[in-house]
Amino acid sequence: MPTGVRRWARRVPGRTDGADSRRGIMKTTTVKELFRGDYTALLGRQVTVAGWVRTRRVSKGFGFIELNDGSFFKNLQIVFDENLSNYEAISRVALGAALRVEGEVVESPGAKQAFEVKAGRIDVVGDSQPDYPLQKKRHTFEYLRTIAHLRPRTNTFTAIFRMRSLLAQALHDYFHRHNFVYVHTPIITASDCEGAGDMFRVTTLDINNPPRDEQGHVRFGEDFFGREAYLTVSGQLAVEAYCMNFGKVYTFGPAFRAENSNTPRHISELWMIEPEIAFADLADNMDLAEDMLRSVIGRILEDAPEEMDFFGKFIDEGVRQRLEHVCASDFARITYTDAVMELEKSGHTFEFPVHWGMDLQTEHERFLTEKIFGKPVFVTDYPKEIKAFYMRLNDDNRTVAAMDLLVPGVGELIGGSQREERHDVLRRRIREMGLPEEPYWWYLDLRKYGGTPHAGFGLGFERLVMYVTGMKNIRDVIPFPRVPNYAEF
RNA sequence: UCCUCCGUAGCUCAAUCGGUAGAGCAAUCGGCUGUUAACCGAUGGGUUGUAGGUUCGAGUCCUACCGGGGGAGCCA
């Protein structure tokens, strides 16, 4: 098998990291190697690069092509002249075309780059067309959404999606370093008891002619799973089961919300990170959330300086400073009760006046994190009536051990709680919330057999990407967004 | 789902009080021996989102629908 694998790897026509190319697996040099390695060592050397034309500038007898091979944020400048046998074709090559370039690494006389590649040969691997929809100018994000299959080729989306990948990797690394076990909770769930809003139905029944009983009700007993099934809205309940063995666990997967919400912060198909820790209370939970965020943000500031510079320059001027501030200072913590008091005494007139017992409105959340604290803030211990049944009831009997993390610009980034570990209290809460007890039999079992205090939270991954990049619309931080009335691509 | 704003060339936008469609970029052709969203010149490009209505006349006013942005609710 190793031989087969090696043979396959050698034939893969993609780009690889620097190390691979030096080991001779790939025949091409990556743009990243040139920028991040010591390019002076490569001066005068012949290299082969393969990538796509970002822009092209042609004078009489010579021209420049900026090539991007996906390995690095910046483009490699290719210089070519009439000595090329196919000079005429290359000088009119359309934007977006895929090229393989053989040439010499040379110092660049231009001011904007230290080096460039003087082409000895350029092959057009994949031609493009004059009607290539991406132009050498700024497009609106709205327009780019209509060409979501091409937008990764723009500077902005190149930066966003490398950042998205780095963030995912950084999160996995963080949990791995801290001995969390990564659990794959089910995507399809057979109960609609997850309690987080409307769900998408999963069925193989003929929806135009489903089997019905005498009363006309659909007989879901004849459906694929022998009962009603849905796409999950959260992996939390399931991951709690694994928490009671591994102690520290997390999920990182898709969740689906069929809510008809139409805002720059909501999508129907999203990715969530949900850690769950045993023998832990709400304070431990906040410590984890804070340490995790600080760790991954510090990591991407180090690993993606070019992308961060770009976001600061073109997307959100203050983004880098904001993130550095997050790494350097503690998050604020305030109880819901104190937050309501702070808002009341702020003297600010809100559209919805605050009073104890109400859920905080977006305007209140923003005021707290942006005006009062100016940094991320945990709001804890909400009234039990406005929170989920599984959150642990506090001794005051009117609040639960919940926490929301509010951050400037994005709003709620994390929602979590200490879970109710007392079997009798949990049963009572289920009843109080008007929920049926039966579907929760296994969830209640977890409290029966060695249940411990435990806590966890959900981090909306897209909202984290928004926070880190400064992007204002969630549809622009996921490759192909799904929202009400829209599932193109 | 509600409120609000918008829809004009491939893209980004302009068009005064209702008076008959315009620019930059892109494309095409030409020029330019070091460009950097290259530059200079020329050419082509429109059922003004759709369907009705008011008017001598509608991109402009009215109605409905479709699509998009922002805000709210719900939440991550």
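Because the structure is predicted, anything quoted here is derived from the model rather than measured. To find a chain, count down the sequence lines: A is the first, B the second, and so on, and within it residues start at 1.
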How far, in whole Å, is B:rG49 from B:rA58 if one measures between their P atoms? 15 Å
Given the P atoms of B:rA21 and B:rA9, what is the spacing between them in whole Å? 15 Å
Measuring only the P atom in each nucleotide, how far is B:rC61 from B:rC5? A whole number of Å is fine. 12 Å
Regarding A:Ile414, tell me which of base, sugar-phosphate or nothing describes its non-hydrogen contacts under 4.0 Å with the strands shown. sugar-phosphate
Just how far, in rounded Å, is C1' of B:rC74 from NZ of A:Lys387? 12 Å
Listed nucleotide nearest any side-chain atom of A:Asn262, set B:rU1, B:rG34, B:rU28: B:rU1
Answer with base, sugar-phosphate or nothing: what part of the nucleic acid does A:Ala111 contact at a heavy-atom distance below 4.0 Å? base
Can you measure A:Arg475 atom CZ to B:rA76 atom P for me and round it to whole angstrom units? 19 Å
Closest to the A:Thr263 side chain: B:rA72, B:rC75, B:rC29? B:rA72
Check: A:Lys375 side chain, A:Asp330 main-chain N or O, donor-acceptor pair, under 3.5 Å: yes
From B:rU35, B:rC74, B:rC75, pick the nucleotide closest to the side chain of A:Glu259? B:rC74
When only distance counts, do a donor and an acceptor, one from the side chain of A:Gln135 and one from the base of B:rG10, lie under 3.5 Å apart? yes
Under 4.0 angstrom, heavy atoms only, what part of the nucleic acid is A:Gly61 near: base, sugar-phosphate, or nothing? nothing
To the nearest angstrom, how far is A:Tyr382 atom OH from B:rC75 atom P? 11 Å
Between A:Gln236 and A:Tyr390, do the side chains contain a donor N or O and an acceptor N or O under 3.5 Å apart? yes
Per A:Lys137 side chain, nearest of listed nucleotides B:rC11, B:rG67, B:rG34: B:rC11
Ignoring hydrogens and angles, tell me if any N or O in the side chain of A:His364 forms a donor-acceptor pair with the backbone of A:Gln361 under 3.5 Å. yes
Backbone N/O of A:Gly456 and side chain of A:Asn285: donor-acceptor pair under 3.5 Å: yes
Are any side-chain N or O atoms of A:Arg162 and backbone N or O atoms of A:Gly70, one a donor and one an acceptor, separated by less than 3.5 Å? yes
Need one value for A:Asn260: base, sugar-phosphate or nothing, where a base atom within 4.0 Å counts as base even if backbone is also close, heavy atoms only. base
In whole Å, measure the gap between the P atoms of B:rC29 and B:rU47 for me. 24 Å
In whole angstrom, give me the gap between the C1' atoms of B:rU55 and B:rA72. 39 Å
If you check every side-chain atom of A:Phe62, which of B:rA27, B:rG34, B:rU1 has the closest atom? B:rG34
Check every strand shown and say whether A:Arg54 touches a base, only sugar-phosphate, or nothing at a heavy-atom separation below 4.0 Å. nothing
With respect to the side chain of A:Asp359, which nucleotide from B:rC75, B:rC32, B:rU28 is positioned closest? B:rC75
Tell me what A:Gln77 touches on the nucleic acid: a base, only sugar-phosphate, or nothing, going by heavy atoms under 4.0 Å. base
Which value, in whole Å, describes the distance between the P atoms of nucleotides B:rU8 and B:rU60? 13 Å
Does the B:rC11 base have a donor-acceptor partner in the side chain of A:His139 within less than 3.5 Å? no
Answer with base, sugar-phosphate or nothing: what part of the nucleic acid does A:Leu413 contact at a heavy-atom distance below 4.0 Å? sugar-phosphate
In whole Å, measure the gap between the C1' atoms of B:rU43 and B:rG59 for me. 26 Å
Cation-aromatic face contact A:Arg294/A:Phe331, 6.0 Å, 45 degrees: yes
A:Tyr486 has its side chain closest, among B:rC32, B:rG68, B:rU12, to B:rG68
Interatomic distance at C1', B:rG71 relative to B:rG45, whole Å: 38 Å
Closest to side chain of A:Phe64, choosing from B:rA76, B:rU35, B:rC74: B:rU35
Would the base of B:rA37 count as contacting A:Arg138 through its side chain, where contact means a donor and an acceptor less than 3.5 Å apart? no
Does A:Arg57 contact B:rC32 through a side-chain donor or acceptor facing the base, at a distance under 3.5 Å? no
Quickly work out the A:Asn75 CG to B:rU35 P distance and round it to whole Å. 18 Å
Answer yes or no: side-chain N or O of A:Glu142 and base N or O of B:rU12 forming a donor-acceptor pair under 3.5 Å. no
Counting heavy atoms from C-beta on, name the nucleotide in B:rC29, B:rC11, B:rG73 closest to the side chain of A:His266. B:rG73
Min side-chain heavy-atom separation A:Phe367-A:Ile372 under 4.5 Å: yes
The nucleotide from B:rA72, B:rG67, B:rG73 with an atom nearest the side chain of A:Asn485 is B:rG67
